[in-house]
Trainee: 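Handing you this structure, nothing more for now.
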Amino acid sequence: MSRVRQHVNPLNIRYATPVTPPCWADVFAQPAQPLHIDIGCAKGYFISDMAQSCPDWNFLGLEIRAPLVEQCLKHRDQLGLHNLHMLFCNANNSLRPLLASLPHPPQRVSIQFPDPWFKKRHQKRRVVQPQLVADLAEYMLPGAWIWLQSDVQAVAEDMVEVFAANSSFRRSFEPPHPAPVGTTGPWLANNPLPAQTDRERVTLGQGKPVYRALFIKA
């Protein structure tokens, strides 16, 4: 595979057209199963591991870098997974039509280690924006999960701030965990899901903290 850019500007005109939702009955063998959407799935190893660990769930990855989606789909087919799909799209303009087209709302959404866009003038490129949160609030049902992770505390704090500003979501600290070593503030120490992203494994392997937060649809 050719070299893939690490960061892609979602405001570029080439990413301005929302994706056309697929026929979900063609995508998933059992479309009625509960759905987990991973926004920014990168190489897809996390949702591939999740799909293998949880065959009674469906998993949908959204990724803005097309070569990574192609790689993910090839890996999915090699594994013979029928509860996993990935889409090349810009989540900030494609999430709403995707949610509207689903046979039922997602029960879990994860946003993990998104591009940090450190410079203030670039922070409008971050994936967690008020409109994305509003779209999730409109379509997700009470009790559904939003799972957030980052190895950059400022990015994690920004994601938490945007979700907390929407009254449809409440931050959850259950089950209670101590803050991860090296952090301050109300961060969850453990990942309750049975898989980790590449970035999570590398960060933890280096002894560095991961900033985790869970929101529940009220």
Side-chain angles (χ1 to χ4, degrees), residues 6-21 35-42 46-47 59-65 86-102 104-174 183 185-188 191 193 197 199-200 210-218:
Q6 184 176 0
H7 301 295
V8 172
N9 178 7
L11 302 181
N12 190 297
I13 188 63
R14 72 181 67 180
Y15 306 114
T17 302
V19 70
T20 299
L35 177 66
H36 179 145
I37 298 178
D38 190 41
I39 298 176
C41 66
F46 165 76
I47 52 171
F59 294 88
L60 175 65
L62 308 182
E63 175 55 47
I64 200 170
R65 291 165 291 182
M86 282 76 79
L87 289 172
F88 162 59
C89 68
N90 179 353
N92 290 105
N93 59 29
S94 294
L95 183 62
R96 185 178 182 84
L98 288 172
L99 291 171
S101 72
L102 289 168
H104 55 81
Q107 294 191 16
R108 281 197 308 246
V109 171
S110 53
I111 306 174
Q112 306 179 84
F113 306 91
D115 288 346
W117 298 112
F118 290 110
K119 294 180 180 178
K120 188 168 184 178
R121 70 176 186 275
H122 289 162
Q123 289 179 6
K124 60 187 177 181
R125 301 177 184 178
R126 288 180 177 176
V127 66
V128 177
Q129 300 290 337
Q131 186 58 56
L132 180 135
V133 176
D135 292 341
L136 290 171
E138 180 176 346
Y139 285 95
M140 296 181 80
L141 297 178
W145 274 32
I146 301 289
W147 177 243
L148 306 173
Q149 294 196 96
S150 179
D151 55 341
V152 180
Q153 185 168 356
V155 172
E157 289 172 343
D158 182 60
M159 291 194 291
V160 164
E161 182 179 341
V162 179
F163 272 96
N166 189 303
S167 61
S168 293
F169 293 102
R170 62 174 178 84
R171 193 172 181 182
S172 174
F173 300 98
E174 298 295 335
T183 72
W187 304 107
L188 299 180
N191 182 347
L193 300 174
T197 71
R199 185 75 177 182
E200 185 176 3
V210 173
Y211 303 92
R212 303 181 173 105
L214 174 64
F215 280 83
I216 307 293
K217 175 68 185 299

Trainee: Are any of the side-chain heavy atoms of Leu214 and Trp145 separated by less than 4.5 Å?
Mentor: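 They are in contact (side-chain heavy atoms under 4.5 Å apart), so the answer is yes.
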
Trainee: Any idea which heavy atoms bring Gln112 and Asp38 closest together, and the distance?
Mentor: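 Smallest interatomic distance, heavy atoms only, reads NE2-OD1, 3.1 Å.
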
Trainee: Just so I know, are the side chains of Val210 and Phe113 near enough to count as touching, which here means a heavy-atom distance under 4.5 Å?
Mentor: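 Yes, at least one pair of side-chain atoms sits under 4.5 Å.
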
Trainee: I need the Cys89 SG to Leu95 CG distance, nearest 0.5 Å.
Mentor: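 Those atoms lie 8.0 Å apart.
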
Trainee: Do Ile111 and Leu132 come within less than 4.5 Å of each other through their side chains, counting heavy atoms only?
Mentor: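 They are in side-chain contact.
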
Trainee: I'd like to check the side-chain contact (heavy atoms from CB on, under 4.5 Å) partners of Gln131; sequence neighbours left out, ordered by chain and number.
Mentor: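 Gln131: side-chain contact (heavy atoms from CB on, under 4.5 Å) contacts with Ala134, Asp135.
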
Trainee: Which heavy atom in Pro21 sits nearest to a heavy atom in Ser101, and how many Å separate them?
Mentor: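 Nearest pair, atom of Pro21 first, then Ser101: CB-OG, 3.2 Å.
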
Trainee: Mind checking the CG-CD1 spacing from Asn90 to Ile64? Nearest 0.5 Å is all I need.
Mentor: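 Going from CG on Asn90 over to CD1 on Ile64, the span is 4.0 Å.
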
Trainee: Over all heavy atoms of both residues, which pair between Val127 and Pro114 is shortest? Give the atoms and the distance, please.
Mentor: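 Reported closest heavy-atom pair: CG1-CB, 3.8 Å.
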
Trainee: State which residues pass side-chain contact (heavy atoms from CB on, under 4.5 Å) with Ala100; sequence neighbours excluded, sorted by chain then number.
Mentor: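 Testing Ala100 for side-chain contact (heavy atoms from CB on, under 4.5 Å), a comparison that skips the adjacent residues, returns Tyr139.
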
Trainee: Is the closest side-chain heavy-atom distance between Val128 and Val155 below 4.5 Å?
Mentor: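 The answer is no, as the side chains (C-beta and beyond) never meet within the 4.5 Å cut-off.
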
Trainee: Find out whether Ser168 and Val133 are in side-chain contact, i.e. whether some heavy atom of one side chain is under 4.5 Å from a heavy atom of the other.
Mentor: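 Side-chain contact under 4.5 Å: no.
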
Trainee: Could you go through Tyr211 and Met159, starting from their C-alpha distance and side-chain angles, then the distance that decides it, and tell me whether this counts as side-chain contact (heavy atoms from CB on, under 4.5 Å)?
Mentor: CA-CA 11 Å; Tyr211 303 92; Met159 291 194 291; over 6 Å; no

Trainee: Less than 4.5 Å apart, any side-chain heavy atom of His36 and any of Ser110?
Mentor: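 In short, these two side chains touch, coming nearer than 4.5 Å.
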
Trainee: For residues Leu98 and Ile37, determine if any side-chain heavy atom of one lies less than 4.5 Å from a side-chain heavy atom of the other.
Mentor: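 The answer is no; the side chains never approach within 4.5 Å.
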
Trainee: Apply the test side-chain contact (heavy atoms from CB on, under 4.5 Å) to residues Phe59 and Met86: give CA-CA distance (whole Å), side-chain angles for both, the deciding distance (0.1 Å), then the verdict.
Mentor: CA-CA 8 Å; Phe59 294 88; Met86 282 76 79; over 6 Å; no

Trainee: Please name the pair of heavy atoms, one in Gly40 and one in Glu63, separated by the smallest distance, quoted to 0.1 Å.
Mentor: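 In this case the closest contact between Gly40 and Glu63 is C-OE1, 3.6 Å.
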
Trainee: Do Glu200 and Asn191 pair up side chain to side chain, a donor and an acceptor below 3.5 Å, judged on atom types alone?
Mentor: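 Yes - a donor-acceptor pair under 3.5 Å links their side chains.
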
Trainee: Quick one: do Gln149 and Arg199 satisfy side-chain contact (heavy atoms from CB on, under 4.5 Å)? Show the steps, please.
Mentor: CA-CA 10 Å; Gln149 294 196 96; Arg199 185 75 177 182; over 6 Å; no

Trainee: Search all heavy atoms of Trp187 against all heavy atoms of Arg212 and return the closest pair with its distance.
Mentor: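 Residues Trp187 and Arg212, closest heavy atoms: CE3-O, 3.3 Å.
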
Trainee: What I'd like to find out is whether the side chain of Val162 reaches to under 4.5 Å of the side chain of Arg126, using heavy atoms alone.
Mentor: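 A side-chain contact under 4.5 Å is absent here.
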
Trainee: Considering non-hydrogen atoms only, spot the tightest contact between Pro18 and Ser94 and give its length.
Mentor: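 Pro18 and Ser94 have their closest heavy atoms at CA-OG, 3.4 Å.
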
Trainee: Quick one: which of Phe163, Phe173, Phe169 gives a ring-ring contact (aromatic ring centres under 6.0 Å, His included) with Phe215?
Mentor: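 When ring-ring contact (aromatic ring centres under 6.0 Å, His included) is applied between Phe215 and each of Phe163, Phe173, Phe169, only Phe163 qualifies.
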
Trainee: Kindly indicate, with the supporting measurements, whether the criterion side-chain contact (heavy atoms from CB on, under 4.5 Å) is fulfilled by Met140 and Ile146.
Mentor: CA-CA 10 Å; Met140 296 181 80; Ile146 301 289; 3.5 Å; yes

